[in-house]
Amino acid sequence: SKQWRGVIEEYRDRLPVDAGAPVVSLGEGGTPLVRARVLSERTGCEVHLKVEGANPTGSFKDRGMTMAISRAKAAGAQAVICASTGNTSASAAAYAVRAGMVCAVLVPQGKIALGKMGQALVHGARILQVDGNFDNCLQLARGLAEKYPVALVNSVNPARIEGQKTAAFEVVDALGDAPDVHVLPVGNAGNITAYWKGYAEYAADGVASRKPRMWGFQASGAAPIVRGAVVEQPQTIATAIRIGNPASWGSAVEARDASGGVIDLVTDRQILSAYRLLAAQEGVFVEPASAAGVAGLLAAAEDGRLAAGQTVVVTVTGNGLKDPDWAVAGAPQPVTVPVDADAAAERLGLG
Ligand code: F0G
């Protein structure tokens, strides 16, 4: 059939799933790879956006969550738990509903976008706001999963990485080979780990002739990997990547070094500028954290670190509707008109 079946069915032969095991899916994956005209012009490269906000709950987390929740279901788990800056909790909550499980989420108080909180609430998750940051939440979630009968579905769960690696497969399947450079935001560092694993597997099996250089970008106030030290009080407007001690730190460094890539930082100002450019000039509305990769790509092109003529894929990780405050802030207030064509035409400058 032509219907996309979700990442487990589409890539079953490349995922650790037992025949006959339950598959909990919302049809995730199969997301658009969109050629970015303005970014291509600005960089002299062939730039594509992997639009992960098109996933069922609006972020790339769904790829890993179908695997983690299916596994938990197969193991007979009745409850799952995660720490989250918002997207993981939204995804876990939705997939837990599909699986008939209870979902508990731990989020940093006051630091998750409203859309994500709304998702966790409407899917019926049990939400605890923790008086601390994401790193504190993850520590707490790990402790609870050790002591109580609840399965941890953060990306420290290897099933999550397995599911997320399918995004790299899709890129190669769409382009016919791996790109020269793959760019993405880095928070807890699971996704850069997963992409690198996916690219490495396709290269090892000869599906791709090469592997890309991995370019990760952290927000300047939450850049522990770049700075080489834990950030105790991470700060950034990009709440999704407000993380000071990434769980997959080591494997992110491995992906960077083995690929000949970089992990660098971008300022919140650069993130917001890229966020606006994506929406206003490429027609792609992402959440602020998702623009960090684009911000990094543009900075690299400007200061000569990106040679022209390369094929570049940038993952934009989450949907702009998750956190619309930044779209509205600073934008002019729409004018109000009467139900009158001439008045509307005048306001629109039509004549
Ligand atoms: N972009 C978005 C929109 C995210 O939600 C995240 C992570 C990242 C990028 C970074 O990915 O952690 O694999 O390096 N969000 C997690 C969460 C932490 O709880 O939703 P990463």
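One-based numbering, in listed order, for ligands and for the atoms of each. Residues: numbered from 1 along the sequence shown.
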*Asks:* I need the Leu121 CG to Ile127 CD1 distance, nearest 0.5 Å.
*Replies:* 3.5 Å
*Asks:* Just let me know how Ser290 lines up against ligand 1, side chain, backbone, both or neither, with a heavy-atom cut-off below 4.0 Å.
*Replies:* side chain
*Asks:* Hey, is the main chain of Val102 close enough, under 3.5 Å, to the side chain of Gln78 for a donor-acceptor pair?
*Replies:* no
*Asks:* Checking a contact table here: which protein heavy atom is nearest atom 4 (C) of ligand 1, and how many Å away?
*Replies:* Ala240 CB, 3.6 Å
*Asks:* Ser59: heavy atom below 4.0 Å from ligand 1, yes or no?
*Replies:* no
*Asks:* Which of the atoms of ligand 1 are close to Gly190, meaning less than 4.0 Å from one of its heavy atoms?
*Replies:* 13 (O), 14 (O), 21 (P)
*Asks:* Looking just at side-chain N and O atoms, do Gln119 and Lys322 make a donor-acceptor pair shorter than 3.5 Å?
*Replies:* yes
*Asks:* Step by step, would you call Asp205 with Arg14 a side-chain contact (heavy atoms from CB on, under 4.5 Å)?
*Replies:* CA-CA 11 Å; Asp205 291 349; Arg14 295 186 173 278; 2.8 Å; yes
*Asks:* Considering only non-hydrogen protein atoms, determine which one is nearest to atom 1 (N) of ligand 1 and report residue, atom name and distance to 0.1 Å.
*Replies:* Thr317 OG1, 2.6 Å
*Asks:* Heavy-atom contacts under 4.0 Å between Lys322 and ligand 1: side chain, backbone, both, or neither?
*Replies:* neither
*Asks:* Using atom types as modelled, flag every donor-acceptor pair under 3.5 Å from a side chain in residues 327-348 to any protein atom, sequence neighbours excluded.
*Replies:*
from   : atom 1 : to     : atom 2 : distance (Å)
Asp340 : OD1    : Asp342 : N      : 3.2
Asp340 : OD1    : Ala343 : N      : 2.7

*Asks:* Judged by modelled atom types alone, do Asn245 and Gln139 share a side-chain donor-acceptor pair under 3.5 Å?
*Replies:* no
*Asks:* Which of the numbered atoms in ligand 1 are below 4.0 angstrom from a heavy atom of Val186?
*Replies:* 14 (O)
*Asks:* Only heavy atoms of Ser84, strictly under 4.0 Å: list the atoms of ligand 1 that pass.
*Replies:* 17 (C), 19 (O), 20 (O)
*Asks:* Are a donor atom and an acceptor atom from the side chains of Thr31 and Lys50 found within less than 3.5 Å of each other?
*Replies:* yes
*Asks:* Heavy-atom distances under 4.0 Å decide this one: backbone, side chain, both or neither, for Ile243 against ligand 1?
*Replies:* side chain
*Asks:* Counting heavy atoms only, name the option from Ile192, Asn87, Ile112 that's nearest to atom 3 (C) of ligand 1.
*Replies:* Asn87
*Asks:* Which residue and atom name correspond to the protein heavy atom nearest atom 18 (C) of ligand 1, and how close is it?
*Replies:* Thr85 OG1, 3.4 Å
*Asks:* Less than 3.5 Å apart, any donor N or O on the side chain of Gln164 or Asn191 sitting next to an acceptor on the other?
*Replies:* yes
*Asks:* Report yes or no: does Ala189 have a heavy atom closer than 4.0 Å to ligand 1?
*Replies:* yes
*Asks:* In terms of residue, atom name and distance, what is the protein heavy atom nearest to atom 7 (C) of ligand 1?
*Replies:* Lys61 NZ, 2.9 Å
*Asks:* Hydrogens and angles aside, do Glu46 and Thr311 bring a side-chain donor and acceptor to less than 3.5 Å of each other?
*Replies:* no
*Asks:* Can you report which non-hydrogen protein atom sits closest to atom 8 (C) of ligand 1, along with the distance?
*Replies:* Ile241 CG2, 3.6 Å
*Asks:* Distance to 0.1 Å, residue and atom name: give those for the protein heavy atom nearest to atom 11 (O) of ligand 1.
*Replies:* Phe60 CZ, 3.5 Å
*Asks:* Other members of the hydrophobic cluster containing Ile243, with the 4.5 Å side-chain heavy-atom rule, please.
*Replies:* Phe134, Leu138
*Asks:* My understanding is that we take every heavy atom of each candidate and find the minimum distance to atom 20 (O) of ligand 1. Doing that for Thr88, Val107, Ile225, which one comes out nearest?
*Replies:* Thr88
*Asks:* Measure up the Tyr202 and Phe169 rings against each other and bin them: parallel (under 30°), tilted (30 to 60°), perpendicular (over 60°).
*Replies:* parallel
*Asks:* I need the nearest protein heavy-atom contact for atom 12 (O) of ligand 1: residue, atom name and distance, please.
*Replies:* Asn188 N, 2.7 Å
*Asks:* Please list the nearest protein heavy atom to atom 13 (O) of ligand 1 with its residue and the distance rounded to 0.1 Å.
*Replies:* Asn191 N, 2.8 Å
